[in-house]
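Throughout, protein chains are lettered first and strands after them, A, B, ... in sequence-line order, and every chain is numbered starting at 1.
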There are 2 protein chains.
Amino acid sequence: MLDSLFRPKSVAVIGASNRKLTIGYRIIQNLFDMEFNGPIYPVHPKEPFIKNLPAYPSILNIPGEVELAHIVVKNTMVPQILRDCAKKGVKAAIVNTAGFKEIGGDGIKLEEEIVAVAKETGIRVFGPNCQGVMNTDPAVKAYCNFTFTRLIPGHISLFAQSGGVGEVVNNRLYELKAGIRMYASNGNACDVSVSEILKYWGDDPETRVIICHVESLSDPAAFLKAAKEVSMKKPILGMKTGRTLAGAKAVSSHTGGLMKQDATTELVFREAGVVSFRDEEELCQAALAFAKQPVPKGKRVGIITNTGGPGIISADELIEAGCLLPDLSESTKNALKGKLFPEASVNNPVDVLATAGPEHYKAAVEHLLADENIDSVLVNFITPFFVDCEGVAREISALAKNAKKPIIAIVMTEKHGWASTLETFRNAGIPTYDFPETGSRALAAMSKYAELTARPADSPAEFTGVKSKTVEKIIRAAFESGRGTVPQKGAFEILAAYGLGGPKTEESSDRASVLAAAKKIGYPVVLKVESEKVLHKSDSGGVAVNLRDEKTLANAFDAIHKKFKEVSPKFLVAEFVEGGVELAMGVKREEGLGPVMMFGLGGIYVEILRDVSFGLSPLSRGRALEMIKGIKGYPLLAGIRGRKPVDLNRLADMLARLSKLACDNPQIAEIDLNPVFAFEEGREPVAVDVRIILSK
Amino acid sequence: MLDSLFRPKSVAVIGASNRKLTIGYRIIQNLFDMEFNGPIYPVHPKEPFIKNLPAYPSILNIPGEVELAHIVVKNTMVPQILRDCAKKGVKAAIVNTAGFKEIGGDGIKLEEEIVAVAKETGIRVFGPNCQGVMNTDPAVKAYCNFTFTRLIPGHISLFAQSGGVGEVVNNRLYELKAGIRMYASNGNACDVSVSEILKYWGDDPETRVIICHVESLSDPAAFLKAAKEVSMKKPILGMKTGRTLAGAKAVSSHTGGLMKQDATTELVFREAGVVSFRDEEELCQAALAFAKQPVPKGKRVGIITNTGGPGIISADELIEAGCLLPDLSESTKNALKGKLFPEASVNNPVDVLATAGPEHYKAAVEHLLADENIDSVLVNFITPFFVDCEGVAREISALAKNAKKPIIAIVMTEKHGWASTLETFRNAGIPTYDFPETGSRALAAMSKYAELTARPADSPAEFTGVKSKTVEKIIRAAFESGRGTVPQKGAFEILAAYGLGGPKTEESSDRASVLAAAKKIGYPVVLKVESEKVLHKSDSGGVAVNLRDEKTLANAFDAIHKKFKEVSPKFLVAEFVEGGVELAMGVKREEGLGPVMMFGLGGIYVEILRDVSFGLSPLSRGRALEMIKGIKGYPLLAGIRGRKPVDLNRLADMLARLSKLACDNPQIAEIDLNPVFAFEEGREPVAVDVRIILSK
């Protein structure tokens with residue numbers, strides 16, 4: 001429980017100051033301005049008073065109980081101060097001070113010391129190198145933060161890993177008159193984590209929507225678990241920054257984290273039901289909609305417009321964001337024909353015409369709300385001077401009162417002249433947007449949330465007949481021989497042990513045994529060099545395929561042997577698999593997240609076009625099927641232009657088994673199956689090449 | 001010249017009214033409010049006065065000269081009124097009245113009549129079904145429009161095909177305090193066209209940047225010509241709406257135009273050097289930057305930030321928009337090390353730290369402006385309460401005065417508290433942005449313009465040895481035999497006549513001649529059914545490839561013959577071409593634009609992944625090379641993983657020749673070459689299958 005952090009009964013500021021341009025002054029000022037509901041105790045070595053309040057030389061001298069402490073002292077003093085806090089019985093501390101992990105070297109050690117104190121004493125540490133928290137609850141009114149953003153109480157809670165981003169978003173929400181419930185920016189996050197905060201807000205009845213900005217997830221698995229749980233109760237709007245290599249580089253230089261392009265956060269967001277954003281403005285505009293309107297049941301939008309051009313933009317935006325603009329039901333169309341102008345269009349978008357007044361808008365909104373083909377209503381309204389705009393706003397507002405479907409209004413107007421019209425919408429809880437783009441995207445985000453949370457529950461696939469002992473043995477043997485990868489033959493045996501199809505294979509070491517192996521397997525065959533020293537077998541001429549007879553095989557052997565003899569290779573003879581659709585699949589263990597699955601079309605589709613999808617382990621067959629359907633090239637698998645579809649269920653099963661194999665064997669760092677051939681209904685897909693890399 | 005429209009010395013309003021909620025009143029009100037520099041003549045059948053002004057029963061009764069007339073009467077009266085206007089010597093008329101092409105039927109005829117009057121009398125018609133024009137030039141001050149948007153004089157001229165979009169954009173520019181020069185929304189555009197308006201603004205010295213919204217281009221070739229000319233002088237920011245099928249449907253229902261997804265407008269924009277936008281807000285924010293700051297020479301951006309998170313967002317946005325964040329020069333780094341805080345980062349982004357004051361920002365901006373690795377400077381500035389923010393703004397503003405490179409400022413702040421800081425930036429002509437996203441995208445748009453206008457001039461390729469007579473003969477023969485397509489053999493001959501490589505082919509009609517043809521060509525061969533009645537030859541089993549001997553060919557012939565004998569087909573025997581990279585290219589004649597070229601990787605790359613690029617005819621070899629490099633799969637052609645690159649010059653030559661073929665032969669509606677095989681340096685690419693569709 002984070003009550004001591006977000007609902008403190010008293011706050012001490014250690015490092016308080018009477019100098020106005022300091023953090024130690026500003027926090028006290030902010031607590032004053034917000035009218036914090038409890039005692040504030042400044043701590044200062046010498047000053048008897050800080051800003052009218054009696055000050056104390058140490059936290060230990062404070063007469064009353066202290067629940068939360070701000071620590072704004074020099075970085076090296078923080079561990080001792082924390083110990084004093086614990087001694088005093090302080091429950092939580094916000095360490096605003098910087099100079100820890102993010103500066104490297106001694107800073108890292110200092111931060112480890114803080115974590116140790118927290119563990120030892122049970123005091124919860126928020127930060128260090130952080131802004132702090134806020135809570136607008138009238139019973140609390142805590143502005144435990146040194147920034148300047150003003151707040152309107154409301155229902156959006158906002159977490160921002162970057163304080164700067166938190167400021168920008170918070171400030172914009174203020175401009176939009178979107179109310180805030182709680183705020184947190186935890187900097188280095190050495191103890192209190194984003195996952196805990198999400199869970200806390202998940203249980204807060206006044207938080208209707210959560211914004212969550214992250215630069216990198218230090219514990220993706222914990223985040224996934226928490227966010228998944230919370231997103232079923234209320235929407236989480238996520239934004240991950242540092243997407244490009246340049247961005248990631250900037251992240252690492254300001255957080256001291258590892259520089260890498262993080263492909264998994266988006267995956268975690270999706271799996272957790274978090275609606276993902278790439279733009280702060282869009283994020284704020286969507287939060288406004290979520291805070292004010294009910295969530296739609298689905299993604300079928302009805303558009304009403306009195307202006308053609310912006311109606312077109314709405315249609316473009318909604319369609320591009322994955323929404324649908326279904327035909328209206330016949331009864332709606334008929335009803336509207338009788339109530340709108342004769343020239344009006346009763347299709348979707350409904351064009352009520354520029355001259356439409358209150359009664360026309362009323363009819364359109366009313367019938368679209370009642371139409372069973374429609375999940376949400378988007379109203380485009382440009383305010384013509386010859387129309388009773390106030391009346392239009394009043395009619396729509398009246399309908400919104402009892403509406404079970406969301407209504408979003410795009411009100412295109414000159415804001416001073418039509419201030420009261422805007423006010424009417426706002427008072428009715430209908431968010432208004434300046435642009436068809438912004439309003440449409442906000443509604444699309446709501447539809448996306450509906451879609452994400454409607455995904456069927458996911459339970460890992462179960463398998464029988466898995467031979468885990470075989471796998472352990474092969475891996476142990478590879479380790480014992482000092483290898484970092486599993487030899488081809490063993491790798492195929494590992495696949496087979498988990499029911500993953502591969503070709504018949506034999507390992508040989510000379511010409512005669514290669515020829516014998518081929519005879520055993522049956523022609524045509526593939527011949528591959530087998531040596532850890534040969535990295536790209538195909539590219540370097542170490543593979544010969546479709547060898548149809550002994551003579552061809554012998555020639556191929558001689559050529560490969562000549563090329564690689566100095567590394568004393570072995571040779572793999574394998575059945576040559578023909579036909580089928582070429583695919584690639586793989587799994588890679590990501591720190592803190594376990595095996596991440598990859599699926600795509602083979603060859604250059606994977607290498608160049610990056611037409612791939614990702615999934616988390618343990619992978620269910622349902623999620624595996626989603627992955628398969630998630631690539632752009634999917635129509636090729638579903639059968640196009642007279643081709644038969646491939647056996648999708650067997651393919652999904654193969655992906656799920658691959659995931660299980662990786663989950664069961666943590667020594668496996670990475671598996672690449674490329675190519676895999678998939679066939680028509682009834683035939684198992686076959687991995688033709690496999691690479692298994694072991695953990696160091 | 002459109003001076004009579006945009007710089008009228010006098011305006012008549014035919015259909016003026018004393019009823020406040022009418023267009024005929026509003027236009028007069030707007031002209032009053034704007035303080036129009038000339039006489040206003042209301043025309044009304046009965047009223048002696050309109051809004052204090054003497055009114056006249058007909059345009060013919062007006063004593064003085066009338067240069068521009070607004071027509072706001074019933075649609076059926078418009079042609080006669082226009083004639084009267086011409087008689088009076090009126091030079092241009094804005095027809096606000098609706099009820100023309102957009103309503104179909106009689107409306108179309110009425111519009112044709114208007115066009116006839118315009119042609120006959122020389123009067124220029126703007127509209128019908130339109131808003132009108134505005135000009136803020138102090139010598140004119142014409143608000144010839146019935147809308148409510150307020151204007152600040154400035155340097156942005158705005159064309160909007162949709163009046164609604166025009167309003168939204170104009171209104172937003174007003175909110176951003178971005179000044180407008182001229183405005184035009186020409187509705188059905190029966191006479192005065194967007195191209196003419198672009199050219200007019202191109203010559204207007206006070207217009208620094210042009211915004212151009214279109215839903216569909218009625219004369220794309222004229223637009224291309226005009227925009228290309230103007231964009232070399234000043235930036236044109238384009239936005240095409242109705243991108244999705246749903247959006248296009250909405251366009252057609254409100255303009256009466258053809259419903260189709262328009263893929264060519266983006267192509268025209270690019271070719272014309274128009275910077276393309278998909279979002280009104282982004283468009284406005286970019287216009288602000290273009291109006292205030294110099295255009296950068298290139299896309300190398302230097303970022304300065306005092307806050308990590310927003311700096312990361314800037315980096316992400318710029319990189320994703322195609323900008324570069326190069327390393328700073330060593331001399332810049334060294335200079336900054338001496339002038340910034342020791343903990344500051346002197347990489348790009350330069351992190352001056354939250355505590356940075358005026359002198360630090362001054363140093364950073366000054367050295368980045370001077371750095372030869374940098375074309376533009378993006379300043380991220382969150383306003384900490386403990387910093388002299390006003391001083392920061394003053395220092396940057398002083399540097400901006402003589403800067404040859406653009407400076408964009410993202411000022412993240414609470415706008416009331418820091419109003420004077422924002423004002424300081426604004427007065428110095430530095431546009432300020434609320435979000436790292438918006439500012440970065442505005443700068444990216446400027447960089448894009450620099451890139452587009454730096455493209456080398458494009459001159460159509462010249463070819464020798466083209467046998468145009470051969471082509472004409474084959475096409476004539478196809479037409480004469482009543483076909484809509486050219487038979488395979490003839491199609492390959494057409495290609496050969498323009499120097500486009502194909503396989504050796506022979507046309508045969510029976511088994512014996514097929515076998516003889518194969519002997520002549522040499523095995524292996526391909527056998528194809530040849531009949532206009534067989535549409536998808538491959539899919540329906542009408543093609544057999546890689547036939548390596550007579551027996552196999554005979555069997556293939558028997559199978560194909562059996563399958564298609566009822567359509568009495570002929571047969572094409574062709575050389576079987578092996579190896580090479582599979583490609584597709586094509587050309588399709590688009591109305592008003594001529595042959596549009598397509599290039600992509602073959603097979604499912606084209607069909608499913610749509611990894612294709614487009615180009616206009618006549619295509620130069622340079623543009624052809626751009627097309628080739630424009631697909632995602634390009635690395636495959638450039639040579640990856642040890643493969644040799646294909647002969648790109650020969651490939652570009654082939655595309656250019658294909659364009660020439662289509663340009664020379666307007667009877668050709670469409671050519672598909674799929675697949676085309678491209679080979680290593682020195683070997684001609686070969687079109688293995690060809691389909692030539694003739695115009696009806």
Side-chain angles (χ1 to χ4, degrees), chain A residues 21-22 26 103 148-150 162-165 167-168 171-172 215 241-244 246-247 250-251 253-254 279-281 307-313 315-316 319-320 325 343 345 347 349 351 382 385-386 412 414 417 434-435 437-438 536 539 604 607-609 611 632-633 635-636 640-642, chain B residues 21-22 26 103 148-150 162-165 167-168 171-172 215 241-244 246-247 250-251 253-255 279-281 307-313 315-316 319-320 325 343 345 347 349 351 382 385-386 412 414 417 434-435 437 536 539 604 607-609 611 632-633 635-636 640-642:
Chain A
L21 299 187
T22 61
R26 186 73 182 196
I103 62 163
F148 54 76
T149 321
R150 294 155 78 185
S162 152
V165 172
E167 279 289 278
V168 172
N171 194 47
R172 179 61 177 155
E215 285 168 352
T241 57
R243 298 183 300 262
T244 62
V251 170
S253 84
H254 103 110
D279 182 291
E280 291 164 291
E281 170 77 0
T307 168
I312 290 163
I313 294 178
D316 278 348
I319 293 291
E320 287 174 350
L325 302 180
E343 303 83 8
S345 163
N347 295 311
D351 190 341
I382 199 161
F385 65 88
F386 43 74
M412 293 160 277
E414 195 279 300
D434 297 354
F435 292 101
E437 289 92 334
T438 35
H536 299 290
D539 294 349
I604 74 145
E607 290 169 32
I608 299 178
L609 299 181
D611 180 24
K632 284 195 201 131
L636 189 76
I640 44 155
R641 300 188 58 177
Chain B
L21 300 188
T22 60
R26 186 73 182 195
I103 62 163
F148 54 77
T149 320
R150 293 156 77 185
S162 152
V165 172
E167 279 289 278
V168 171
N171 195 46
R172 179 62 178 154
E215 286 169 352
T241 58
R243 297 183 300 262
T244 62
V251 170
S253 85
H254 105 109
T255 62
D279 182 290
E280 292 165 290
E281 170 76 359
T307 168
I312 291 163
I313 295 178
D316 279 346
I319 293 292
E320 286 174 351
L325 301 180
E343 303 83 9
S345 162
N347 294 312
D351 190 340
I382 200 161
F385 65 87
F386 43 74
M412 294 160 278
E414 196 277 298
D434 296 355
F435 292 101
E437 289 92 335
H536 297 290
D539 293 350
I604 73 147
E607 290 170 32
I608 299 179
L609 299 180
D611 180 24
K632 284 196 202 128
L636 191 75
I640 44 154
R641 299 187 58 175

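Nearest heavy-atom pair, A/V168 versus B/P310, reported as atom, atom and distance to 0.1 Å: CG2-CG, 4.5 Å. B/S162 approaches A/G309 most closely through the heavy-atom pair OG-CA, 3.2 Å. Closest of all the heavy-atom pairs between A/E215 and B/I312 is OE2-CD1, 3.4 Å.
Under the side-chain contact (heavy atoms from CB on, under 4.5 Å) rule, B/E280 has a single partner from A/D434, A/I313, A/T438, which is A/I313.
Among B/R172, B/M412, B/E343, the residue with the largest count of heavy-atom pairs under 4.5 Å with chain A is B/R172.
No side-chain heavy atom of A/E437 sits under 4.5 Å from any side-chain heavy atom of B/E281. A 4.5 Å side-chain heavy-atom check between A/T244 and B/E320 finds at least one atom pair inside the cut-off. Contact annotation: the side chain of B/R26 never approaches that of A/F386 to less than 4.5 Å [non-hydrogen atoms, C-beta and beyond].
Taking the ring pair (Phe, Tyr, Trp, His ring centres under 6.0 Å) definition, one finds that A/F385 meets it with nothing, sequence neighbours left out.
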Worked verdict on B/E414 versus A/R150 for side chain to side chain contact (heavy atoms under 4.5 Å, CB included): CA-CA 8 Å; B/E414 196 277 298; A/R150 294 155 78 185; 3.4 Å; yes

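The contact between B/D316 and chain A is made by backbone and side chain atoms together, counting heavy-atom distances below 4.5 Å.
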